[in-house]
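Here's the structure we're looking at; comments come further down.
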Number of protein chains: 2
Amino acid sequence: MPKATIDDVANLAGVSMKTVSRVVNKEPNVRESTRIKVEEAIARLNYRPNQSARNLASQRTRLIGLIYDDPSAYEIPSAGYVINMQQGTLRACRKAHYELLIHPCNYRNNNLGEELSELIEQARPAGIVLAAPLSNMPKVVKAIESTKTPLVCLSPGKADSQRLSVATNDREICAEMTRYLASLGHKRIAFITGHPSHKAVANRYLGYLDGLRQSGLKFSERLVLNGDNSFDSGVICSEKLLKRKRAPTAIFAANDDMAVAAIRVADQLGIDVPGQLSIAGFDDISLARQIFPTLTTIRQPLSRMSEQAATLLINERNDKVVAANSVTIPASLQIRDSTGPARDQ
Amino acid sequence: MPKATIDDVANLAGVSMKTVSRVVNKEPNVRESTRIKVEEAIARLNYRPNQSARNLASQRTRLIGLIYDDPSAYEIPSAGYVINMQQGTLRACRKAHYELLIHPCNYRNNNLGEELSELIEQARPAGIVLAAPLSNMPKVVKAIESTKTPLVCLSPGKADSQRLSVATNDREICAEMTRYLASLGHKRIAFITGHPSHKAVANRYLGYLDGLRQSGLKFSERLVLNGDNSFDSGVICSEKLLKRKRAPTAIFAANDDMAVAAIRVADQLGIDVPGQLSIAGFDDISLARQIFPTLTTIRQPLSRMSEQAATLLINERNDKVVAANSVTIPASLQIRDSTGPARDQ
DNA sequence: ACGTGTTCAGACAGCGCTGTCAAACCAAGG
DNA sequence: CCTTGGTTTGACAGCGCTGTCTGAACACGT
């Protein structure tokens, strides 16, 4: 039997096509008895609306595009990050019967703007979730905005911007981590910064400063080194820090890759972690639980962030007005074995 | 300016709508001079065909569905596996201007059949790539086949089946690994099997047997223990093996999670790897390169497999006849630090 | 000149749904 | 009874393309 169409349902239920459409789309103003008749017909014929026809007639798709920088394209194994985002976005999509289109790409690609506008004009998704670091690249954001497709960025938005964004409280949680380290008795807490272009990562440094202040510790420029999010930069910075005569007793790195590098360096230098040195990171990559000692870090609620982002997109057209144009979802400390009380000095 | 339609292009080029359609779809029988005229008009108007309209008119979509069991739904951190599959499928999709729809799901869900047929009838993808272990579940495969959507399974197909499948040479490569271990002088090579429902994993055991035979080693039932692919089962099996008086000098596990467990157990028992014990796995998960010692294992060409699968799907309708209905893409040994010469005994 | 076969181009009818608008219906009040 | 205003339903015209079919143009042999 060929697939049932809306006409078949209308005939069987003895109503017009349009009424069936109303029932399917849960539009108001359908008498209860009519609705039931239609629903029975739908069930009997196992009718499923043809998505392509709906898309064409309604001039919009039920697709959410998730655009992110593809880490494995150049050897950063943070697959968990991607999977988490996908899962969050998918949760939101499924609730609303939307589908998810994924589009990993390379942030170093010069034609990225063109690539994305082509994608968008082809597939015409109802909305785009754009992950960091792409969401910090004006070129990319502008290319997407020029297509008039609703966009939500997964990164801290500027307060003045009309752009919707979902972020986590990088700054506050980093202050919390710093206070936690201070509460363990650490006085010399070093910080390894991340890549400067990454806005969220910059906030982490500000949080570190806040935390020091709140704990009554004095800031020392010498304790701050600039990394670039890579494992290798973590190695370089940690070596500099730990080979000093007055080495820090704690290192807080702006991401886990660099924190793991610090653990590795400490191991090579024969420094006990956490006995002589506490190390904390940010991201909670899967490796954080697999290395020895397991890494104290901060878990971004990436999955809930992306879910929220997709939900914003989907609700946008329902006129459920978005109060703020920037939503924050709090991160949480994951205390593990790489941090401990400061040794008496 | 409102988006250009095919009519606009036709008018500008001074041809009919249909001719534009021919150019866009690269159909034959268009005079070169006409084609150029049309292409100029397309470029001038920045025309992009409306996918929804094409889908409706042509009764097919340009979507490939990738359906897989979502490991993180129940705590197996093999995100890399998923990412690899996605990347391969995406490569194939991009070449053909298809889009990828991902659908992670839980193989333990009882309504999976229903869930998938609903998905398929809604989104109407042009084809489905189904990953193991779902591709080994008759219920799931039947549910998908009943929708008449072209399907390619990512797992060894039965020779007699009409079903298309793409697989790797599990058996041959495991024989090779076994021979490699034997060539290092190992006489007592243990094998930890995987979950029995996973067809590819069963083949790994057969490969082990082949390898023993080819190396002139005698098979001993005592050296084979049954795991279930989980880290924990790897721990249990390894402990049994290593606490014996005549412990094996090499352990070959049917997947990396179990092999990593073996390394952990050896470490706890004070057994040096690879000095006293060689350990090999299968999968080449990212952890394999991160643990100490790095794990000798087998890399599945998952990304190329899924690319091939999607390509088969996309070409199917182009009548590029598929010669065999089962394609094999060879895996490769990744020799690292967890294997070494057998100690003199 | 004519037929015959082949290549190229256009007319037209949908694909299956939704948006718009108008008609029918209904309850309440005069 | 009729009006009024709200609720419920249906007719109809597309949405922007592709598939089918028919016609025009052209090449070639007779």
Side-chain angles (χ1 to χ4, degrees), chain A residues 1-39 41-42 45-63 97-99 121-124 126 317-319, chain B residues 1-39 41-42 45-63 97 121-124 126 317-319:
Chain A
M1 122 203 121
K3 285 211 67 63
T5 73
I6 200 171
D7 283 295
D8 301 328
V9 177
N11 287 147
L12 181 59
V15 299
S16 77
M17 201 164 91
K18 181 66 213 186
T19 299
V20 177
S21 168
R22 288 196 179 93
V23 172
V24 168
N25 292 297
K26 304 195 196 312
E27 285 173 27
N29 297 339
V30 176
R31 191 173 301 145
E32 188 56 21
S33 59
T34 312
R35 175 185 308 284
I36 290 171
K37 264 193 309 186
V38 172
E39 277 168 353
I42 289 176
L45 296 175
N46 192 237
Y47 166 72
R48 318 261 184 189
N50 179 319
Q51 217 32 75
S52 303
R54 305 174 93 180
N55 291 346
L56 178 58
S58 65
Q59 305 277 59
R60 66 195 183 84
T61 65
R62 282 154 179 269
L63 246 34
H97 286 275
Y98 274 57
E99 296 296 332
E121 300 192 330
Q122 284 276 342
R124 288 166 212 240
R317 68 176 300 281
N318 294 350
D319 291 343
Chain B
M1 120 207 121
K3 284 212 66 63
T5 73
I6 198 170
D7 282 296
D8 302 329
V9 177
N11 287 147
L12 181 60
V15 299
S16 77
M17 202 164 87
K18 180 65 212 185
T19 298
V20 177
S21 169
R22 288 197 180 93
V23 172
V24 169
N25 293 296
K26 306 196 194 310
E27 284 173 29
N29 298 340
V30 177
R31 191 174 301 143
E32 189 56 22
S33 59
T34 313
R35 175 186 310 284
I36 290 170
K37 263 195 309 187
V38 172
E39 276 167 354
I42 289 176
L45 296 174
N46 193 237
Y47 166 72
R48 316 262 184 191
N50 179 320
Q51 219 27 78
S52 303
R54 305 175 94 181
N55 291 345
L56 179 58
S58 65
Q59 304 279 56
R60 67 195 183 85
T61 64
R62 281 152 181 269
L63 247 32
H97 286 275
E121 301 193 328
Q122 285 275 342
R124 296 191 157 111
R317 68 176 299 284
N318 294 351
D319 292 342

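To find a chain, count down the sequence lines: A is the first, B the second, and so on, and within it residues start at 1.
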Contacts under 3.5 Å, N or O only, protein and nucleotides 14-18 of chain D:
residue: dC15(D); atom: O2; partner: Ala57(A); partner atom: N; Å: 3.4
residue: dC17(D); atom: OP1; partner: Tyr47(B); partner atom: OH; Å: 2.8
residue: dC17(D); atom: OP1; partner: Asn50(B); partner atom: N; Å: 3.4
residue: dC17(D); atom: OP2; partner: Ile6(B); partner atom: N; Å: 2.7
residue: dC17(D); atom: O5'; partner: Tyr47(B); partner atom: OH; Å: 3.4
residue: dT18(D); atom: OP1; partner: Asn25(B); partner atom: OD1; Å: 3.4
residue: dT18(D); atom: OP1; partner: Asn25(B); partner atom: ND2; Å: 2.9
residue: dT18(D); atom: OP1; partner: Arg54(B); partner atom: NE; Å: 3.1
residue: dT18(D); atom: OP2; partner: Ser21(B); partner atom: OG; Å: 2.6

Rounded distance (Å) that lies between atom C1' of dG10(D) and atom CG of Asn11(A)
13 Å
For Asn55(B) and dG19(D), give me the distance from atom CG to atom P, rounded to whole Å.
12 Å
Would one find a side-chain N or O of Thr19(B) under 4.0 angstrom from OP1 or OP2 of dG10(C)?
yes
Rounded to the nearest 0.5 Å, what separates atom NZ in Lys37(B) from atom CZ in Arg35(B)?
12.5 Å
Overall bend - the helix from dA1(C)-dT30(D) to dG30(C)-dC1(D), comparing terminal axes fitted on five pairs, nearest 10 degrees
50°
I'd like to check the side chain to side chain donor-acceptor pair (under 3.5 Å) partners of Ser21(B); sequence neighbours left out, ordered by chain and number.
Asn25(B)
Which residues pass the side chain to side chain donor-acceptor pair (under 3.5 Å) test with Arg48(A), not counting sequence neighbours?
Glu121(B)
Kindly list each side-chain donor-acceptor pair under 3.5 angstrom involving residues 8-18 of chain B, sequence neighbours excluded, with atom names and distances?
residue: Asp8(B); atom: OD2; partner: Thr5(B); partner atom: N; Å: 2.8
residue: Ser16(B); atom: OG; partner: Lys18(B); partner atom: N; Å: 3.4
residue: Ser16(B); atom: OG; partner: Thr19(B); partner atom: N; Å: 3.4
residue: Ser16(B); atom: OG; partner: Thr19(B); partner atom: OG1; Å: 3.4

Taking all heavy atoms of Leu63(B) and all of Ala123(B), pick out the closest pair and write down the distance.
CD2-O, 4.0 Å
Residues passing the side chain to side chain contact (heavy atoms under 4.5 Å, CB included) test with Ala57(A), sequence neighbours excluded, are none
Partners meeting side chain to side chain contact (heavy atoms under 4.5 Å, CB included) with Gln59(A) (sequence neighbours left out):
none
Tell me every residue that passes salt bridge (Lys or Arg N to Asp or Glu O under 4.0 Å) with Arg31(A), counting only those two or more places apart in sequence or in another chain.
none
